[in-house]
Every structure is written in C-alpha cells, then in structure tokens.
Amino acid sequence: MNKMTVRDIDVAGKRVLVRVDFNVPVDQTGAITDDSRIRASLPTIKYLLDRKASVILMSHFGRPKGKVVNEMRLAPVGKRLAEILGKPVKIVDDCIGPSVESAAKSLKPGEILLLENLRFHAEEEAGDANFAKALASLGEVYVNDAFGTSHRPHASISGIANYLPAVAGFLLEKEINTLGNLIENPAHPFTSIFGGAKVSDKVAVLNNIMKKVDCLLIGGGMAATFLKAKGVNVGTSVVEDETVATAAALIKDADTRKIKLFLPVDVVVADDITAASQASTIPIETILPNKKIADIGPRTVDIFSKELKSSKTVFWNGPMGVHEVPQFANGTRALATVISKLKATTVMGGGSTAEVIDAMGLTDKVTFVSTGGGASLEFLGGDALPGVTALMDKK
Ligand code: 3PG
Ligand code: MG
C-alpha cells in the first residue's frame, strides 16, 4: 500500500481520532453475534495506547438515516471493547458538540473515548464538510482503520482527511495488502466462489476477477440468474431480469478466456423459504414452476470441492444458499469445511461469508477473513476506495 500508516507519523501523547467499523451483527435482542470487527481493530488501538496517545474512536452502527435511534447506540459495542481490552472505554451520547469536545479535550494519555453513532447525523453520509471539520476538531491526527466502510465517501471516512494529517491503521493496511496481493499476484490455480443474492452487486468484481482466475464457481441466489441465462427453468427463484444478459455475457467471457465456470448441477428447492419449508434435492433440469432454489445440492458440492482441492488460491464471497435456515445451509457449510482444510491461500469476503466462517469456528483455519463486504467487492472490482485515496501518500 502506498499510503502512510500509524507507523509513519508521531502519535505519542497526541489526541488521535480513529475511524473504526464497529457495525457488528446483532440478534433481535441487540446482543452482538460476531465481534470480529471489534477484535480486528485491536492492533491499532493497542499501538496507540502503548504510545500514550488519547484514543478517540468513531463508528457508525446500522442505518439510522440521520436520526437518533436508541437501538443503534454504540454503548453495547463500547462495553464489549472494554471487556476485550480489560480497560475502561468512556462513551458520550453524541459525536460532535460542546460536551463531546470537552470529553475529548479532557481525555488523558492512554485513555479511550468512543463517540456516539456517526449516522445519527445525516451530514455523515452526505459527506458534509462542516460536519467533517467538527469531527476533526476533536483530534490532532486522523487514522482510518474502517476498511469495511472505506468504499463510502462519508464525512468520517474521506472528509476528515482534509483537516488533519491522515494515515491508515493496521487493519486497513492488512486488508488492502491482502486483497491487493490476491488480485495482483495470486498463486495458480486461482479459484473464486461467488454466492449471495444479487448478481448486480457482483458484476464489477466478476468482470475484474475474470482476468485473474482459472476457475469460477457460482452458487447462491445469484446462480438462478446464470442458470436462466443458460435457458434453465428456475421456477419462482428470484431472478434479476435486467442482469440475465449480463450473466450471459460473463459466461461467454469466461469461455473466451478459457476459464472453467461451474454452475450448480443440482439444487435444493422448496415452495418458500421458511424454517418450516419442506426441502427436496433435484437436478436443475427438473425445477417445477412453483419451486424456488434455496441451496446447492450434494453433486454440486462434490464438483465445487474437487476444483477447490486443486487450487492454490481461493477467494470466497457469498453463501451458497439461504444458510440462516438449517435445511438450506448444507452447501455453504460443506464448502466452508472443504476450504478450511486446503493447503492454499484462502481469502474470505466479509459480510455473510465472514459470519458463516466465524459461526463455524473456522476463522483460524483460513488465511484471511476480510472485515469488509461491500468494500472488499468494490476494491476487488478495481475501484479506488475513497477512504484510502484520502490518506497521505508514502514519501
Ligand atoms: C457494512 O457492514 O457493510 C459496513 O459497515 C458499511 O455499512 P453500510 O453498508 O451501511 O454503508
Ligand atoms: Mg454494507
């Protein structure tokens, strides 16, 4: 990465404003179900504390759309961070304004303050300059460690860098280096697996990764669009009609580039997708008009697994089925298990892929789990991330 990091700037005794992505998944009761994003920020936080900086953390949480939403307060996240660090984390009930300023100014070296959800102010997502300036006034140095949000041109992501010396944290650096290496210098054979619901989210990344991979495996909801492009009847599966032509073009491009592209040969279908749904496994040629695809079938798992086992590099983004519902989780779980046993560089996209890997306890069995869903896709799609562009260049 050609950007300056916390290593390249004097932080000792300074008030350091750190943008983190503490947008962690929670259950219906608001309990944190995966704290990986909090843990991933620890190297930067500890580095700053060791240098007696006062650390001011800022994050968004959910999509409150410019209003205060009590369920989206960051207090539970601050509590979890304090438990993990074994150190108090002060909190305030806003992210700008006089009381926040005095809390920031009175922070002692080695202390931590977590600001309230940035998105309680509409100015955050609007990238408002005055809001960015108000945030910037709280610190002396700005660190971006929020890889998962670095594709958003928001005030706390790219705006603040106009007002403070701006450098990358260790997580941001690691993400950019790992994903950059994946796309620039992969060991071959390189296999990429894509799943999840929408093709439209993945067109750019598929087009870009197509230039690097030897093999593409496509499952999940998006497989229906590819199957339809090949003339398969996919019943009531959700198909983005406007992307069927895109899928057809991607299939043709893979063929021209001599890339092996595999779609499901069998699938698990149901009338609807609920915990009570009756699941049946069938070849793709026999999907009835009233059935929906909900997972890949066992023959597909075998074919995909065989390709994975001969790969030296694997990138995975998106579940193979509706993995939240047990009877439709087998394909996703089976491939996660296969990937965890490979002697290969295995990089997992963020979002739901990261949640599956965490829930199965496989995080330590893969090379890297990205903390960014959308951000990793945009980066691998070849886009410059606003949160990275804004940082100071390495001298
Ligand atoms: C995420 O979880 O995708 C990031 O935290 C960014 O959140 P957003 O998609 O709501 O911008
Ligand atoms: Mg997102």
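FYI, side chains are in, hydrogens and waters are out, and symmetry mates aren't considered; it's all heavy atoms of this structure. Just follow the structure's listing: the first ligand is 1, and inside any ligand the first atom is 1. Throughout, numbering of the chain's residues begins at 1 and tracks the sequence.
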- Message: For R39, give me all partners under salt bridge (Lys or Arg N to Asp or Glu O under 4.0 Å), at least two apart in sequence or on another chain.
- Response: D35

- Task: Mind checking salt bridge (Lys or Arg N to Asp or Glu O under 4.0 Å) for R257 and listing every partner two or more places apart, or none if nothing turns up?
- Result: D253

- Under the side-chain hydrogen bond (donor to acceptor under 3.5 Å, both in side chains) rule, collect the residues that match up with T5, sequence neighbours excluded. R7

- Message: Run F379 and H151 through ring pair (Phe, Tyr, Trp, His ring centres under 6.0 Å) and show every step you take.
- Response: CA-CA 8 Å; F379 182 77; H151 57 317; over 10 Å; no

- Message: Under a 4.0 Å threshold between the charged nitrogen and the carboxylate oxygen, would R73 count as salt-bridged to E116?
- Response: yes

- Can a salt bridge be assigned to the pair D241 and K228 using a cut-off of 4.0 Å between side-chain N and carboxylate O? yes

So what's ligand 1 close to, N/O to N/O, under 3.5 Å?
from	atom 1	to	atom 2	distance (Å)
ligand 1	2 (O)	N23	ND2	3.1
ligand 1	2 (O)	R37	NH1	3.0
ligand 1	2 (O)	R37	NH2	3.2
ligand 1	5 (O)	D21	OD1	3.2
ligand 1	5 (O)	D21	OD2	2.8
ligand 1	5 (O)	N23	ND2	3.0
ligand 1	5 (O)	R37	NH1	3.2
ligand 1	5 (O)	H60	NE2	3.1
ligand 1	7 (O)	H60	NE2	3.2
ligand 1	9 (O)	R63	NH2	2.7
ligand 1	9 (O)	R152	NH2	2.8
ligand 1	10 (O)	R63	NE	2.7
ligand 1	10 (O)	R63	NH2	3.2
ligand 1	10 (O)	R119	NH1	2.9
ligand 1	11 (O)	R119	NH2	2.8
ligand 1	11 (O)	R152	NE	2.6
ligand 1	11 (O)	R152	NH2	3.2

